[in-house]
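Data block below; observations after.
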Amino acid sequence: MDENDTARRPLALITGVGRTVGIGAGIARQLAASGWDIAFTYWSPYDRRMDWGVERGATDPIGRMLTEHGAAHVAVEADLADPDAPSRIYDETERRLGPVTALVMCHCESVDSGLLDTTIESFDRHFAVNARATWLMIREFGLRFRGAPGTGRIVALTSDHTVGNLPYGASKGALDRITLAAAHELSHLGVTANSVNPGPVDTGWMPDEAKEVLTAATPLGRLGTPQDTAHLVDFLCSPQGQWVNGQLLKSNGGLGQ
């Protein structure tokens, strides 16, 4: 692809793309195939704390996958608990690839705990990563967006999990409100903003018992895949998705209906 072709591709900034099997990587792949260039963030210390551990060198195969779809790309390691991280992410992205057209937020802090055993430190970190960083990433997007009205997109992944996962669920509830507020407060830019609940997607974190219970509870009789979520995000980011705005969309196979 020559430089002029590359310049014509819009740029999506996707947070939380640290593992090849993750939802973020699936979304990056789908958007690259649809003609987007991709900037993505990851934070290895978070994966190191989780049961699945760090997928060493994951940015390399993710990058090769994006290149195969003709996408220019850049990976930025960033701790979104740091309030200065969003501006640095945008600075690096703009320096390497140009202005951002779509912001897709897949990052999260998710450590199981309930009402009685959640620590103040854990509660604060969940809100710093899931809520405050979402606000700061959206704010930075709004301050920097220079695209034509109707082209800008914001999508945030959310969850309705609460019981036994209090700080995660509560901070995701805050994420919803922050994202949906952007649909109105950024209306002067012609930017759409939506939250997507992908339902039960097994990316390596789900115990066998949970897989069985959730599969049985889902009318379609299976768990979700990263590609299921990626198809919806791809539509929302497309010109055809422009009229969907300010919504909390469930893409969960009918679970809980």
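Side-chain atoms are counted along with the backbone in the values below, which use heavy atoms only and exclude waters and symmetry mates. Quick caveat: nothing in here was measured; it's all calculated off a predicted structure.
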With a 4.0 Å cut-off on N to O distance, would you call E109 and K172 a salt bridge? no
Return the CG to OH distance between D112 and Y168, rounded to the nearest 0.5 Å. 10.0 Å
Any luck finding a side-chain donor-acceptor pair between T41 and H107 under 3.5 Å? no
Between the side chains of D82 and R132, is the shortest nitrogen-to-carboxylate-oxygen separation below 4.0 Å, so that they form an ion pair? no
So do the side chains of V201 and D228 get within less than 4.5 Å of each other, counting heavy atoms only? no
Can a side-chain donor-acceptor contact be found between Q240 and S238 if the only test is distance below 3.5 angstrom? yes
Is it possible for you to say whether L175 and L180 belong to one hydrophobic cluster, with membership spreading through side-chain heavy-atom contacts below 4.5 Å? no
Passing candidate, side-chain contact (heavy atoms from CB on, under 4.5 Å) with F40, options V76, I27, T59, T15: T59
For A58 and G18, which heavy atoms make the closest approach, and how far apart are they? CB-O, 3.3 Å
Rounded to the nearest 0.5 angstrom, the CZ-CG distance for R153 and N245 is 8.5 Å
Membership question, hydrophobic clusters at under 4.5 Å side-chain separation (ILVMFWY): are L248 and L103 in the same one? no
Pair T179-I138, side chain to side chain contact (heavy atoms under 4.5 Å, CB included): steps then yes or no: CA-CA 8 Å; T179 304; I138 290 175; 4.0 Å; yes
Any chance you could measure S122, atom OG, to F127, atom CZ, to the nearest 0.5 Å? 11.0 Å
What's the verdict on side chain to side chain contact (heavy atoms under 4.5 Å, CB included) for Y46 and D79, showing C-alpha distance, side-chain angles and the deciding distance? CA-CA 9 Å; Y46 171 69; D79 180 6; over 6 Å; no
Side chain to side chain contact (heavy atoms under 4.5 Å, CB included) assessment of V196 paired with L236: CA-CA 10 Å; V196 170; L236 292 174; 3.7 Å; yes
So, do S113 and H126 sit near enough that their side-chain heavy atoms are less than 4.5 Å apart? no
Please determine if R88 and E92 form a salt bridge, counting it only when a charged side-chain N lies under 4.0 Å from a carboxylate O. no
Rounded to the nearest 0.5 Å, what separates atom CG in L157 from atom SG in C106? 4.0 Å
Hey, are E68 and R64 close enough for a salt bridge, meaning a charged N less than 4.0 Å from a carboxylate O? no
To the nearest 0.5 Å, tell me how far T158 OG1 sits from D160 CG. 8.0 Å
Does T101 form a side chain to side chain contact (heavy atoms under 4.5 Å, CB included) with W36? I'd like the steps, not just the answer. CA-CA 9 Å; T101 303; W36 293 76; 3.8 Å; yes
Please evaluate residues R144 and E140 with respect to the criterion salt bridge (charged side-chain N to carboxylate O under 4.0 Å, His left out), reporting the C-alpha separation (whole Å), side-chain torsions for both, the decisive distance (0.1 Å), and the verdict. CA-CA 6 Å; R144 299 179 186 233; E140 207 69 29; 2.9 Å; yes
Does CZ belonging to R48 count more than 12 external heavy atoms closer than 6.0 Å? yes
Say whether Y90 and V129 are linked into one hydrophobic cluster, either directly or through other cluster members, by side-chain heavy-atom distances under 4.5 angstrom. no
Just verifying a value: how many Å separate Q227 CD and D234 CG, rounded to the nearest 0.5 Å? 8.5 Å
CG/L143: more than 12 non-hydrogen atoms of other groups inside 6.0 Å: yes
Can you confirm whether more than 12 heavy atoms, excluding those of R177, are under 6.0 Å from its CZ atom? no
Checking R29 side chain against A230 main chain: does a donor-acceptor pair fall under 3.5 Å? no
